Amino acid sequence: MSKGLPKRSEDYSLWYNELVKRADLAENSPVRGCMVIKPYGFSIWEKMQAQLDKMFKETGHQNAYFPLFIPKSYLSKEASHVEGFAKECAVVTHYRLKNSEDGKEVVIDPDAKLEEELIIRPTSETVIWSTYKNWIQSYRDLPLLVNQWANVVRWEMRTRLFLRTAEFLWQEGHTAHATKQEAVDEAVQMMEVYAAFAEQYMAVPVVRGIKSENERFAGAEDTYCIEALMQDGKALQAGTSHFLGQNFAKAFDVKFATKEGGLEYVWGTSWGVSTRLMGALIMAHSDDNGLVLPPKLAPNQVVIVPIYRGDEELAKISEKAKEIMTKLRSKGITVHFDNRDTHKPGWKFAEYELKGVPLRIAMGPRDLENNTIELARRDTLSKETVNLSEVNLEDYIFDKLEEIQNSIYTKALSFRKEMTTEVNSWEEFKEILESKGGFISAHWDGTGETEDKIKELTKATIRCIPIDREDEDGQCVFSGKPSKGRVLFAKAY
RNA sequence: CGGGGUGUAGCGUAGCCCGGUAUCGCGCCACAUUUGGGAUGUGGAGGUCGUAGGUUCGAAUCCUGCCACCCCGACCA
């Protein structure tokens, strides 16, 4: 295996693919489009899950689990929902295998055909709303605030590790409310939860916005989203939160008795983030040396590498390392002491850089003598010597981790600012998109036709209508028709 | 699903045009010397050449089908 990673500037997508594999995050599986998430990659996902789960619970949600299989007929109950997902559903038609005539292989037993085929969930709105029908009778049963952590399958044509896989892991929240306003508030709240998570934990700045009709979730009235910008100037939808109106309530006949004695359909939301966040995390911060992980999501925040000759020296360093580990752990810092004798220090340095460990402590005989350590920062690749008799190491490291967390966020934010361009003419639009990429802030006449044409001509789509956009009269960058504000265009993942 | 490309050891590859049982590097195993930025030497293990068939005395090499993967389109979180 060669040493260097491909360069981002030379082949960004090759760099990404190689990085995912070499950093031990994930690999392809025997089944096309599926992936094996390796322990290191999964431990990052677990950190994400833990934090998100906490945030969901703090906003009043409870976890539940709904089945993987959905009766085929359910999917067709909400018209636009079927249309959106029908083309990418895996279908179970049989429930038994048997040995072939020659006994050499197993074949589907034709006698075991299901009366009604089962869909492997591409998302769970249908099965959940069919269940909610039984759970909801009165306004007293509302709001119903449920989340589930699950896998879903969408049979995609072209897949990429984490960014788009046929099977992926996610969470999907499904809520039911008595009033429209309450449901809208819920959808907005969850978008804000996602945004806070992305910014504070992943250190990825995001634009909060609303999807245009073309980009909206199949079955939703409004789709709120968070959009992030990757280092190659392409946008990535990192999370969506949908206001479903009464669409699913009507499709599955979910009504409730109001306080006043009436009978009304409930209002719904659904919202999700997936293992795609891993892709966002990787592409937002990492460099040509490997991953750069934000301390808040790094499986190990600090690694200690001993430098020694012989067992005696290792024993001395180990003793010191254990002291340091105890101190760091007392501050809640996760630390790993790599005392493997099978690899040399230089090899380990490269390895932990590839894996994005935020801080590395190296300790050798010189350090023992001087009561120092060498501290290396992954994000800046800078090194310093820290004198242990001069500082309180656990506080020093704690602060340093926070500094790294902030620093990579700030770096990503200034990149996004630099890569967001306001344009006012079609010529400029095309020019910027080709030469620079990134987000293009431009006026749009609000029609799907214009959006389609722009997509056809440039491959750029409307990523969102930013929540905080300013009202500004202008003319659509493509059609010249009147517009009331700017939207963000970009080429997207 | 359309167009293009590629399948040779765990990974990356040479050989294919011009047929004679496979090259090199990384990795792996053993031993020794090494250890402050991916160590070095010596020895060793590992291959139904994607798969099925055809041509031939003989196929990694030529022909046909199939499968998988990659890139570009259509679709999508």
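Numbered from 1 within each chain, the chains take letters A, B, ... in sequence-line order. The shown structure was predicted, so the numbers you read here are calculated from the model rather than taken from an experiment.
Counting non-hydrogen atoms under 4.0 angstrom, Thr165(A) reaches a base of the nucleic acid. Among the heavy atoms of the strands, none lies under 4.0 Å from Thr240(A). At the heavy-atom level, Glu156(A) lies under 4.0 Å from base atoms of the strands shown. Base contact: Phe168(A) has a heavy atom under 4.0 Å from a base atom.
Counting heavy-atom neighbours within 6.0 Å of Glu213(A) CD, excluding the residue itself, gives a total of 12 or less. Remark: Phe243(A) CZ is packed, more than 12 non-hydrogen atoms of other residues, nucleotides or ligands lying under 6.0 Å away. The number of heavy-atom neighbours closer than 6.0 Å to CD of Glu384(A), taken from other residues, nucleotides and ligands shown, is above 12. Within a 6.0 Å sphere centred on NZ of Lys436(A), other residues, nucleotides and ligands contribute more than 12 heavy atoms. Surrounding NZ of Lys72(A) are at most 12 heavy atoms belonging to other residues, nucleotides or ligands under 6.0 Å away. By the neighbour-count criterion of 12 heavy atoms within 6.0 Å, atom CH2 of Trp155(A) is sparsely surrounded, having that number or fewer from other residues, nucleotides or ligands.
Taking the ring centre of Phe69(A) as origin, the terminal cationic atom of Arg121(A) falls outside the region bounded by 6.0 Å and 45° from the ring axis.
Nearer the 5' end of RNA chain B, as judged by each residue's closest nucleotide, is the contact made by Arg158(A), out of Arg158(A) and Leu163(A).
For the salt bridge (Lys or Arg N to Asp or Glu O under 4.0 Å) criterion with Glu227(A), the lone passing option out of Lys234(A), Arg208(A), Arg463(A) is Arg463(A).
Against the 90° criterion about 0, the sugar-base torsion of rU6(B) places it in the anti range.
Between Asn28(A) atom CG and rA68(B) atom C1' the separation is 11 Å, expressed in whole Å. Rounded to whole angstrom, the span from the CG atom of Asp11(A) across to the C1' atom of rC71(B) amounts to 10 Å. One interatomic measurement links the two molecules: CD of Glu27(A) to C1' of rC11(B), which rounds to 12 Å at whole-angstrom precision.
Across the P atoms, rU61(B) and rU8(B) are found 14 Å apart, a figure rounded to whole Å.
Contact check of residues 357-388 of chain A against RNA chain B (heavy atom, cut-off under 4.0 Å) returns Arg360(A), Ala362(A), Gly364(A), Pro365(A), Arg366(A), Asp367(A), Glu374(A), Lys383(A).
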Produce the list of close N/O pairs, under 3.5 Å, pairing protein atoms with atoms of nucleotides 33-35 of chain B; give distances to one decimal.
residue : atom : partner   : partner atom : Å
rU35(B) : OP1  : Arg309(A) : NH1          : 2.8
rU35(B) : OP1  : Arg309(A) : NH2          : 2.9
rU35(B) : OP2  : Arg309(A) : NH1          : 2.2
rU35(B) : O2'  : Tyr308(A) : O            : 3.2

Stepwise, does the ring-ring contact (aromatic ring centres under 6.0 Å, His included) test hold for His81(A) with Phe248(A)? CA-CA 9 Å; His81(A) 191 68; Phe248(A) 285 90; 5.0 Å; yes
Under the rule of Watson-Crick or G-U wobble with both distances under 3.5 Å, where | means paired to another strand and [ ] a crossing pair, RNA chain B maps to ((((((((.[[[..)....(...]]].((((((.....)))))).....[[[[[..)....]]]]])))))))....
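Residues Asp232(A) and Tyr493(A) bring a donor and an acceptor atom of their side chains to less than 3.5 Å of each other. A donor and an acceptor atom, one from each side chain of Gln148(A) and Ser124(A), are located under 3.5 Å apart.
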